[in-house]
Amino acid sequence: MSTILEIKNLHKDFGSLNILNSINVTIEEGDFLVLVGPSGCGKSTLLNCIAGLEPITSGAITIDGRDMTTVSPKDRDIAMVFQSYALYPTMTVGQNITFGMKVRGIEKNEREEKLLKVAKQLQIESLLNRRPGQLSGGQRQRVAMGRALVRDPKLFLFDEPLSNLDAKLRVEMRTEIKKLHQNLNASMVYVTHDQIEAMTLATKIVVMKGGIVQQIGTPSEIYNRPSNLFVADFMGSPAMNLIPAKVANNGKGTKFTIARSRGEPLMLFDDNITKLPENVVLGLRPEDIGDAKLRKGDKLQISTCSVDVVEPAGADTYVLINLGGKEVTARLQAETAAQTGMEMAFTFNMDKVSYFDAQTGQRLN
Amino acid sequence: MTKLNSKYADSGYIQKLILRSLLFLLLGIFAVYYLMPLFIMVTTSLKSLEEIRTGSLIDLPREVTFTAWKTAWSGACTGIQCEGLRPFFWNSVLLAVPAVFISTLIGALNGYVIAQWRFKGANLIFSLMLFGCFIPFQVVLLPMARVLGIINLAGSISGLVFVHVIYGIGFTTLFFRNYYVSIPVELVKAAKIDGANFFRIFISIFLPLSLPIIVVTVIWQFTQIWNDFLFGVSFSEAGTQPVTVALNNIVNSTTGVKEYNVDMAAAIIAALPTLLVYVVAGKYFIRGLTAGSVKG
Ligand SMILES: Nc1ncnc2c1ncn2[C@@H]1O[C@H](COP(=O)(O)OP(=O)(O)OP(=O)(O)O)[C@@H](O)[C@H]1O
Ligand SMILES: [Mg+2]
């Protein structure tokens with residue numbers, strides 16, 4: 001495996017406005033890198049920098065070992081799919097897909113051959129003579145993919161390619177893109193602000209906020225060990241529960257005290273960690289809080305809480321309880337007996353817990 | 001109940017009918033009002049001088065004759081020369097066609113650069129060009145005469161083409177810029193990645209999109225340039241005058257009797273090309289003015 005893309009210390013300003021700050025990312029061959037973050041955090045800008053459509057202020061970008069600083073977009077061996085698809089409106093689907101080859105002076109026979117191959121792959125053979133205006137959103141999306149695929153580049157860049165599709169089509173196309181990636185073993189950079197898309201597609205996720213990389217890791221690292229409160233809150237649906245707690249050392253481990261609006265505070269214990277600051281935020285995924293009647297385990301700690309809201313969602317039932325002044329979501333099995341207003345025993349899985357510094361928001365364990 | 005209803009419906013219907021008739025009456029009056037001069041021009045141009053002198057202005061010609069048209073085209077005197085409008089008509093064609101073509105092309109390129117390749121200072125340049133649209137003709141007369149003298153184009157048709165191109169660029173740029181600004185910038189980005197350069201993108205992607213705005217610009221420029229009198233009279237000499245100047249000379253020539261029929265025919269001939277352009281392309285004109293962004 002070789003390194004396909006390496007971004008070193010990249011800075012990008014628009015005038016006096018700093019958009020990207022100290023970005024360091026590498027991609028190996030076959031990686032599916034997903035850039036995720038809230039709107040306006042600089043994802044598209046970073047992608048444009050990689051493509052050479054925006055000049056960078058400082059730092060370096062290498063693609064397949066070549067320094068890209070002065071290389072124009074057409075010579076970077078990349079292909080890009082845009083959020084708006086950016087199909088050429090006066091050209092037919094076939095002309096859209098072959099335009100790049102035509103510009104580069106590739107023989108007609110070869111163009112036709114490649115076009116047919118890609119059209120077959122994407123099942124758009126019957127659309128080749130239509131214009132983009134005569135296509136549905138999903139079909140346009142395919143054509144945009146086709147235009148990228150036919151290039152057979154070192155690196156694919158996708159800027160929110162699914163965000164204009166309706167929910168059902170989005171899920172379908174997501175699966176297709178994943179298949180495509182597996183079949184081609186291509187290297188991809190994919191921008192989205194949909195964290196589910198990020199989790200399902202990525203081999204590597206970069207979470208960004210305000211032009212700064214918050215965390216880089218595999219989907220499971222990002223999900224299970226978020227590096228700060230922002231990532232913890234951003235990735236996962238429903239979001240991770242972030243519960244403020246007071247810390248006390250009790251000889252062999254740590255005791256956490258969580259205030260409640262009614263009744264006694266909730267106590268949780270963790271023997272595997274010491275030396276935490278006085279105030280921490282406890283991060284527990286909804287699935288790490290369970291119904292004590294239905295879940296058993298060594299490290300599960302049981303405590304009684306009162307149920308505020310019950311939300312059945314088919315396979316699971318979400319229950320909201322109030323802890324530390326926050327609504328906390330628990331994901332219970334559908335057969336739970338939870339009822340609004342009742343006192344009920346919950347399990348807390350302290351194996352999976354994340355600790356964050358209440359001041360800085362950084363991960364502590 | 002039903003009876004009541006139908007009665008209401010009836011009176012509503014009658015009311016509508018009356019309003020409608022009034023509307024059409026009003027529109028009809030306006031149409032007649034606007035068409036009257038044209039009607040008189042046409043009828044007068046088809047009458048003989050004798051009939052004009054004896055008959056009334058709005059009478060139809062008793063005897064249709066095309067001699068006035070013939071004289072206007074190839075015999076009427078413009079000062080000492082008596083070759084009719086013909087040579088000047090061709091002057092105007094030789095002037096308008098290249099001037100329209102060049103100013104439209106430059107406007108398209110300017111609009112493309114300003115709207116799609118937003119370089120530093122693009123907005124400032126665009127504002128200055130807009131400002132150029134509002135400079136009155138009279139202001140540029142003297143400086144332009146000087147410039148034409150310096151570049152050795154004074155009194156020539158090429159000089160007039162130059163003047164009209166310069167003066168038209170502000171408008172044509174405005175038209176194309178406003179049209180191209182609604183086209184998403186991703187199109188250029190995609191084409192750049194596809195390997196197309198500045199001109200290739202313009203020719204392969206933007207020009208094919210531009211038919212409506214090209215029509216608007218061509219009509220606008222052609223009308224302006226063909227109908228121009230001030231530049232024509234200021235920057236031409238005896239052999240290079242455009243048709244508007246010649247028409248003026250025919251009508252104002254003091255020798256002999258006043259031939260109204262010839263004047264009218266000459267005026268119609270001079271106006272015919274712009275009329276034709278509207279009839280042929282007017283449909284696109286409206287469409288182009290209202291054309292919005294391009295759905296991709
Ligand atoms: N040409 C530009 N000039 C100045 N500022 C810009 C320019 N393009 C983008 N920005 C700013 O840069 C920031 C990042 O924009 P960018 O388009 O990269 O966000 P994004 O993460 O892709 O957001 P979204 O998810 O909404 O697409 C934004 O604050 C935006 O206003
Ligand atoms: Mg974006």
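Just so we're on the same page: letters track the sequence lines, and every chain starts at 1.
For residues 98-145 of chain A, the ring-ring contact (aromatic ring centres under 6.0 Å, His included) pairs, not counting sequence neighbours, are A:Y88-A:F99.
Around atom CD of A:Q123, no more than 12 heavy atoms belonging to other residues, nucleotides or ligands sit under 6.0 Å away. The 12-atom threshold is exceeded at NZ of A:K178, counting heavy atoms of other residues, nucleotides or ligands nearer than 6.0 Å. By the 6.0 Å contact criterion, CZ on B:F101 is open, its count of non-hydrogen atoms from other residues, nucleotides or ligands being 12 or less. Surrounding CG of B:L17 are more than 12 heavy atoms belonging to other residues, nucleotides or ligands, all under 6.0 Å away.
Listed here is the closest heavy atom pair of A:L53 and B:K192: CD2-CD, 3.8 Å. Listed here is the closest heavy atom pair of A:M91 and B:I205: CE-CG1, 3.9 Å.
When each of A:M101, A:M80, A:R104 is checked for heavy-atom pairs under 4.5 Å with chain B, A:R104 comes out on top. Per-residue heavy-atom pair counts under 4.5 Å with chain B were compared for A:I78, A:V81, A:N48, A:D75, and the maximum is reached by A:N48. Interface check for chain B: of the options A:A86, A:A144, A:A51, the most heavy-atom pairs under 4.5 Å are formed by A:A86.
For the pairing with B:I193, the side-chain contact (heavy atoms from CB on, under 4.5 Å) check across A:R147, A:K74, A:R76, A:R151 returns one residue only, A:R151.
Put simply, the side chain of A:P89 reaches to within 4.5 Å of the side chain of B:L187, judged on heavy atoms.
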Solution key, residues 155-164 of chain A side-chain donor-acceptor pairs under 3.5 Å, sequence neighbours excluded:
from   : atom 1 : to     : atom 2 : distance (Å)
A:D159 : OD1    : A:S44  : OG     : 3.4
A:D159 : OD2    : A:S44  : OG     : 2.9
A:S163 : OG     : A:Q83  : NE2    : 3.1
A:S163 : OG     : A:E160 : O      : 3.2
A:N164 : ND2    : A:Q83  : O      : 3.0

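Separating the CG atom in B:D194 from the CG atom in A:N96 is a distance of 8.5 Å, to the nearest 0.5 Å.
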